[in-house]
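In this text, all values refer to a predicted model and were calculated from it rather than measured experimentally. Position 1 is the first residue of the sequence; numbering continues from there.
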Amino acid sequence: MEIEQNIWGFSPEGEAVVLYTLTNARGAYVRLTNIGAAIVAVGVPDRDGKIEDVCLGFNDFQNYFGDSAYLGKTCGRYANRIARGRFTLDGKEYKLAVNNSPNHLHGGPRGLSEVLWQARSETNRIVFSYISPDGEEHYPGTLGVEVVYDWNDDGELEITFYAKTEQPTVLNLTNHAYFNLCGEGNGNILGHRLRLNASRYLPTDRSNVPTGELAPVAGTPFDFRQAKAIGRDIDADNEQIKNGNGYDHNWVLNTKGDISQLAVRLVSPVSGISLEVYTNEPGIQVY
């Protein structure tokens, strides 16, 4: 495994923005940056052996600051939405910023996706770490977080989150990568075939907050138990499709936290590139 480290630029405060490239024995690579502990690029071979970058990212590091799309970033402290920007923990109510009206989204205006993380390289991995002080974005407790990216010669990217807090808090970490398996810039993904190992999903209200219902996918546009093109039902006359302006929902995985079971398979019939997801989490968001 070859790991290359370069200074990509400097933040407005003069801190170094670093770009890391991990290249395996087959020439496939992953690029990462310490802005939001983000994935910048993932280059893998198509059916003809040509390396294609299948993960959307910016060429200019400055675009990662204030990036409303959260391209490839680590989102938190709490990924996705907290309704009305409020939650109660141990009898105390906490009021958060409303940055996705009327809700709180992805940890707030300066969540974990907006800060510069510390980083170190190891044999086949990059480890990002950050200390979020008590009260940052109005969340309780000092929180220490690590995100570990492992890359191997089989083209497997493993993302592991670690966190420790000094007092009770809420936490929901994720990576916000966007994939185009035809290669970045090569059209859209509506023809990609998606299979989800999920029999239920979470309906949302009009502000994209889950209602609490676990609804069956059978007979709905949300049924991906058998692989189908993402675009087949994306414009269906369906209230949930209208709420999400397409798909912006969480599916309840049948895997029940068993990381050895396949959760998701996405395939581009054009490039022949496929993406498989394994996770110990109970659900997966498709956006």
Note to self: Check this for me, if you would: do Asp258 and Lys256 make a salt bridge, where the nitrogen-to-carboxylate-oxygen distance has to be below 4.0 angstrom?
What the structure shows: no
Next item on the list: Would you confirm whether the ring centroid of His104 sits within less than 6.0 angstrom of the ring centroid of Tyr139?
Entry: yes
Next item on the list: Please report the shortest heavy-atom distance between Ser268 and Cys182, naming the atom on each side.
Entry: OG-SG, 3.2 Å
Notebook entry, point to check: Distance-only, no hydrogens or angles: does the Asp90 side chain make a donor-acceptor pair with backbone N or O of Pro168 under 3.5 Å?
Noted result: no
Check: Do the side-chain N and O atoms of Thr74 and Asn175 include a donor-acceptor pair separated by under 3.5 angstrom?
Finding: no
Item checked: Test item: side-chain donor near acceptor, Arg77 and Ser132, under 3.5 Å -> yes
Notebook entry, point to check: Closest approach of Ala218 and Asp223, non-hydrogen atoms and distance?
Noted result: CA-OD2, 3.8 Å
Notebook entry, point to check: Counting only N and O atoms by type, is there a donor-acceptor contact under 3.5 Å from the side chain of Asp48 to the main-chain atoms of Lys50?
Noted result: no
Notebook entry, point to check: Any donor-acceptor pair under 3.5 Å linking the side chain of Arg47 with the backbone of Pro269?
Noted result: yes
Check: When you look at CD of Glu93, are more than 12 heavy atoms from neighbouring residues, nucleotides or ligands closer to it than 6.0 Å?
Finding: yes
Notebook entry, point to check: Between CG of Leu275 and NE2 of His192, what distance do you get to the nearest 0.5 Å?
Noted result: 9.0 Å
Notebook entry, point to check: Looking at side-chain heavy atoms only, is the closest gap between Ile39 and Ile159 below 4.5 Å?
Noted result: yes
Note to self: Within a 6.0 Å radius of atom CD on Gln118, are there more than 12 heavy atoms belonging to other residues, nucleotides or ligands?
What the structure shows: no
Checklist line | Test item: Val44 and Tyr29 side chains (from C-beta on) under 4.5 Å apart, heavy atoms | finding: no
Checklist line | Contact check, side chains of Arg206 and Lys242, non-hydrogen atoms, under 4.5 Å | finding: no
Check: Counting N and O atoms only, with roles assigned by atom type, does the side chain of Ser11 sit under 3.5 Å from a partner on the main chain of Glu15, one being a donor and the other an acceptor?
Finding: yes
Next item on the list: Can you see which heavy atom on Ile126 is nearest to which on Tyr20, and at what distance?
Entry: CD1-CD2, 3.7 Å
Next item on the list: Run the numbers on Glu158 and Asn152 for side-chain hydrogen bond (donor to acceptor under 3.5 Å, both in side chains), then give the verdict.
Entry: CA-CA 9 Å; Glu158 182 176 324; Asn152 67 22; over 6 Å; no
Note to self: Between Asp205 (side chain only) and Asn208 (backbone N and O only), is there a donor and an acceptor less than 3.5 Å apart?
What the structure shows: yes
Next item on the list: Return yes if some donor-acceptor pair links the side-chain N/O of Arg193 with the main-chain N/O of Val267 below 3.5 Å, else return no.
Entry: no
Next item on the list: Would you give the length of the straight line joining atom NE2 of His176 to atom OG of Ser113, rounded to the nearest 0.5 angstrom?
Entry: 9.0 Å
Notebook entry, point to check: Are the side chain of Asp134 and the backbone N or O of Glu136 linked by a donor-acceptor pair below 3.5 Å?
Noted result: no
Next item on the list: Look at atom CG of Asn59 and say whether more than 12 heavy atoms of other residues, nucleotides or ligands are closer to it than 6.0 Å.
Entry: no
Check: Between Asp153 and Asn24, do the side chains contain an N or O donor and an N or O acceptor separated by less than 3.5 Å?
Finding: no
Next item on the list: Work out which heavy atom in Val40 is nearest to a heavy atom in Leu32; give both atom names and the distance.
Entry: CG2-C, 4.1 Å
Item checked: Parallel, tilted or perpendicular: rings of Phe222 and Tyr201 (30°, 60°) -> parallel
Item checked: Cation-pi check, Lys228 onto Phe224 ring (under 6.0 Å, within 45° of axis) -> yes
Checklist line | Over all atoms of both residues, closest heavy-atom pair of Tyr178 and Ala69 | finding: OH-O, 2.7 Å
Note to self: Counting only heavy atoms not in Glu276 (residues, nucleotides, ligands), do more than 12 fall under 6.0 Å from its CD?
What the structure shows: yes
Check: Any donor-acceptor pair under 3.5 Å linking the side chain of Glu137 with the backbone of Ala97?
Finding: no
Next item on the list: Salt-bridge test for Arg200 and Glu213: reply yes if a basic N is under 4.0 Å from a carboxylate O, no otherwise.
Entry: no
Next item on the list: Working to the nearest 0.5 Å, report the span between CD of Gln261 and CG of Asn254.
Entry: 8.5 Å
Next item on the list: Decide whether Gln285 and Asp248 meet the rule of one side-chain donor and one side-chain acceptor closer than 3.5 Å.
Entry: yes
Check: What heavy-atom pair brings Tyr247 and Asp233 nearest, and what distance separates the two atoms?
Finding: OH-CB, 3.7 Å
Next item on the list: Begin with the C-alpha distance, continue with both residues' side-chain angles, and end with the deciding distance and a verdict on side-chain hydrogen bond (donor to acceptor under 3.5 Å, both in side chains) for Asn6 and Glu4.
Entry: CA-CA 7 Å; Asn6 294 295; Glu4 183 180 348; 2.9 Å; yes
Check: Just wondering, more than 12 heavy atoms not from Asp237 lying within 6.0 Å of its CG?
Finding: no
Item checked: Positive for ring-ring contact (aromatic ring centres under 6.0 Å, His included) with Phe58, one of Tyr70, Trp8, Phe65, Tyr64 -> Tyr64
Margin query: Let's go through Asn103 and Ser207 carefully: what are the C-alpha distance in whole Å and the side-chain angles of both, what is the deciding distance for side-chain hydrogen bond (donor to acceptor under 3.5 Å, both in side chains) to 0.1 Å, and is it a yes or a no?
Written below: CA-CA 8 Å; Asn103 304 313; Ser207 71; 3.1 Å; yes
Check: So do Leu202 and Trp251 actually touch side chain to side chain, heavy atoms under 4.5 Å?
Finding: no
Check: Do Leu253 and Pro282 touch side chain to side chain, with heavy atoms closer than 4.5 Å?
Finding: no
Item checked: 4.5 Å side-chain heavy-atom contact, Ile189 and Leu181 -> no
Check: Quick one: are Leu173 and Leu112 in side-chain contact, heavy atoms under 4.5 Å?
Finding: yes
Notebook entry, point to check: Could you go step by step and tell me if Thr255 and Asn197 meet the side-chain hydrogen bond (donor to acceptor under 3.5 Å, both in side chains) rule?
Noted result: CA-CA 7 Å; Thr255 55; Asn197 188 357; 5.7 Å; no
Margin query: Please check: side-chain N/O of Asn238 versus main-chain N/O of Gln240, any donor-acceptor pairing under 3.5 Å?
Written below: yes
Notebook entry, point to check: For the side chain to side chain contact (heavy atoms under 4.5 Å, CB included) test, which of Asn124, Thr160, Leu157 pairs with Tyr149?
Noted result: Leu157
Check: What is the distance from atom CG of Asn172 to atom NE2 of His106, rounded to the nearest 0.5 Å?
Finding: 10.0 Å
Note to self: Using the rule given for salt bridge (Lys or Arg N to Asp or Glu O under 4.0 Å), can you reason through Arg125 versus Glu122, listing the C-alpha separation, both sets of side-chain angles and the distance that settles it, and then say yes or no?
What the structure shows: CA-CA 5 Å; Arg125 65 175 52 163; Glu122 298 180 356; 3.6 Å; yes
Check: Do other residues, nucleotides or ligands put more than 12 heavy atoms under 6.0 Å from the OH atom of Tyr287?
Finding: no
